[in-house]
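Scope of the values below: all heavy atoms of this structure, side chains included, with no hydrogens, waters or symmetry mates. We're numbering straight along the sequence, starting at 1.
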Amino acid sequence: MATSASNHSSELTDAPWSPITLPSYPFLGKINEDPAAHLAGEMSVVHNVIIRSLNAIWHNATLVSAKDTPAFVSYALLVLTAIHSHHNTEDKLMFPAFSGAGINMEENIEQHKAFHDGMEAFEKYLEQVKRRELLYDAVKTRELLKAFADPLVHHLHEEISTITPEIMQRADRNVLDQFVKDLEAHLKEEGGLTTSIPFILTAHKTQDAPLWPPLPPVLKWLTKNVFSRVNASYWKFAPFTQSGEPRVYEP
């Protein structure tokens with residue numbers, strides 16, 4: 001029975017879009033110690049958070065009750081906000097830093113454009129449902145989701161091969177260190193104690209990388225026990241519980 005339950009959980013979190021197989025080199029969740037060694041591992045875990053949250057939207061789209069639809073739509077919009085934030089950070093910080101260091105980021109930049117319009121269409125639809133200008137439609141939700149998620153997930157997989165340790169080592173260590181400092185400062189500015197941090201913790205498979213995200217233990221505790229209560233209705237649609245167990249939405 002345990003094996004069956006485990007397989008069922010994997011179907012929910014790892015399909016229809018497959019997560020990235022984490023790199024085989026050591027990954028400790030401490031990118032500041034060796035950016036070249038850890039960047040691709042860090043990015044793989046972040047990308048899997050996105051992929052598994054998309055899978056959660058896909059599965060729950062046809063299950064959500066009328067009562068829970070507003071919360072489901074809000075969760076889906078929060079996922080899109082996280083994707084926007086991730087790619088804006090790359091466009092603003094990562095791509096310029098690495099391109100300036102002689103590392104080719106052009107394909108990544110072009111791939112960002114491939115899913116932009118589809119993601120915008122999905123976001124517009126969700127906002128209309130949220131404002132009650134449109135009735136929620138599970139079939140349309142899946143169609144719009146798939147239209148941008150297919151090229152997005154392709155990009156999320158492909159990008160990892162452009163930031164391997166071997167490639168990152170071509171950059172000067174000062175460039176990598178500065179990127180990490182800029183990234184940490186940028187993430188602190190974004191905040192998100194009641195939104196982005198609970199979202200990350202409930203979309204991350206802890207068995208993949210137990211030390212990730214590298215947050216202070218007290219912040220993790222506060223997020224799980226205090227901050228996550230603010231938008232508690234959202235997290236019933238997440239791939240995992242606050243404790244890291246696979247979650248199955250129950251109307």
Side-chain angles (χ1 to χ4, degrees), residues 13-14 17 19-57 75 78-90 92-94 97 152-153 156-157 159-160 163 165 168 176-232 234-247:
T13 62
D14 297 1
W17 295 286
I20 297 164
T21 300
L22 296 189
S24 58
Y25 47 85
F27 173 64
L28 303 176
K30 298 179 180 179
I31 191 172
N32 58 318
E33 293 184 357
D34 187 347
H38 292 290
L39 185 60
E42 177 84 8
M43 290 290 280
S44 296
V45 179
V46 173
H47 286 188
N48 280 348
V49 163
I50 294 173
I51 293 169
R52 288 191 168 108
S53 64
L54 294 174
N55 286 337
I57 296 173
Y75 177 77
L78 182 60
V79 173
L80 296 186
T81 297
I83 296 170
H84 279 307
S85 176
H86 176 68
H87 287 124
N88 287 342
T89 300
E90 291 182 332
K92 179 181 176 181
L93 299 178
M94 191 175 90
L152 168 58
V153 173
L156 294 176
H157 278 262
E159 187 175 70
I160 301 305
I163 54 174
M168 289 296 100
L176 294 174
D177 286 344
Q178 187 60 52
F179 165 69
V180 172
K181 289 179 182 178
D182 292 342
L183 178 61
E184 289 177 344
H186 175 73
L187 293 177
K188 285 180 181 178
E189 288 177 2
E190 290 200 327
L193 292 177
T194 62
T195 51
S196 58
I197 296 179
F199 159 71
I200 289 170
L201 291 176
T202 56
H204 170 55
K205 186 175 182 178
T206 54
Q207 296 94 322
D208 284 354
L211 298 179
W212 194 91
L215 299 172
V218 65
L219 180 55
K220 285 187 178 181
W221 187 91
L222 286 170
T223 300
K224 291 178 179 179
N225 295 282
V226 181
F227 302 142
S228 62
R229 295 181 181 180
V230 175
N231 296 304
Y234 297 4
W235 316 127
K236 67 173 67 176
F237 303 105
F240 302 98
T241 66
Q242 295 288 341
S243 301
E245 298 299 321
R247 178 190 289 279

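When the ring-ring contact (aromatic ring centres under 6.0 Å, His included) test is applied to Trp17, the partners found at least two apart in sequence or on another chain are Trp58. By the salt bridge (charged side-chain N to carboxylate O under 4.0 Å, His left out) test, Lys236 is found to be paired with Asp68, residues two or more places apart in sequence or in another chain being considered. Applying the side chain to side chain contact (heavy atoms under 4.5 Å, CB included) criterion to Pro217, with sequence neighbours excluded, gives no partner residue. Shown here are the ring-ring contact (aromatic ring centres under 6.0 Å, His included) partners of Tyr234, two or more places apart in sequence or in another chain: there are none.
To the nearest 0.5 Å, atoms CD1 (Ile20) and NE2 (His157) are separated by 5.0 Å. Atom-to-atom distance recorded for Leu39:CG and Leu183:CG is 9.0 Å, nearest 0.5 angstrom. Within the model, atoms NZ of Lys220 and CZ of Phe227 stand 14.5 Å from one another, a figure rounded to the nearest 0.5 Å. The CG atom of Leu22 sits 9.5 Å away from the NZ atom of Lys205 when rounded to the nearest 0.5 Å. Note that CE of Met43 is 4.0 Å distant from CD of Glu90, once rounded to the nearest 0.5 Å. Rounding to the nearest 0.5 Å places OG1 of Thr89 at 11.0 Å from CG of Asp182.
The residue from Thr223, Asn225, Val218, Leu219 that alone fulfils the side chain to side chain contact (heavy atoms under 4.5 Å, CB included) condition with Trp221 is Asn225.
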Which atom pairs, one a donor and one an acceptor, fall under 3.5 Å between side chains of residues 193-204 and the rest of the protein, sequence neighbours left out?
from: Ser196; atom 1: OG; to: Gly191; atom 2: O; distance (Å): 3.2
from: Ser196; atom 1: OG; to: Gly192; atom 2: O; distance (Å): 3.3
from: Thr202; atom 1: OG1; to: Pro198; atom 2: O; distance (Å): 2.8
from: Thr202; atom 1: OG1; to: Phe199; atom 2: O; distance (Å): 3.2
from: His204; atom 1: NE2; to: Ala209; atom 2: O; distance (Å): 3.0
from: His204; atom 1: NE2; to: Trp212; atom 2: O; distance (Å): 3.3

side-chain contact (heavy atoms from CB on, under 4.5 Å) evaluation trace for Met94 with Phe179: CA-CA 7 Å; Met94 191 175 90; Phe179 165 69; 3.6 Å; yes
Could you walk me through whether Ile83 and Leu54 pass side-chain contact (heavy atoms from CB on, under 4.5 Å), step by step? CA-CA 10 Å; Ile83 296 170; Leu54 294 174; 4.2 Å; yes
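Inter-residue side-chain proximity for Phe237 and Ile57 is flagged as unmet; no heavy-atom pair is nearer than 4.5 Å.
Using a distance-only test at 3.5 Å, with no hydrogens or angles considered, a donor-acceptor pair links the side chain of Thr241 to the main chain of Ser243. Put simply, the side chain of Ser85 never gets that close to the backbone of Thr81: no donor and acceptor are under 3.5 Å apart.
Shown here for Ala238 and Ala56, the closest heavy-atom pair between the two residues is C-CB, 4.3 Å. In plain terms, the two heavy atoms of Pro35 and Leu176 that are nearest each other are CB-CB, 3.8 Å. In plain terms, the two heavy atoms of Pro239 and Tyr75 that are nearest each other are CD-OH, 3.6 Å. Trp235 approaches Arg247 most closely through the heavy-atom pair O-NE, 2.9 Å.
Judged as a side chain to side chain donor-acceptor pair (under 3.5 Å), the pairs with a partner in residues 47-57 (not counting sequence neighbours) are, in order, Asp14-Arg52, His47-His86, His47-Glu159, Arg52-Asp208.
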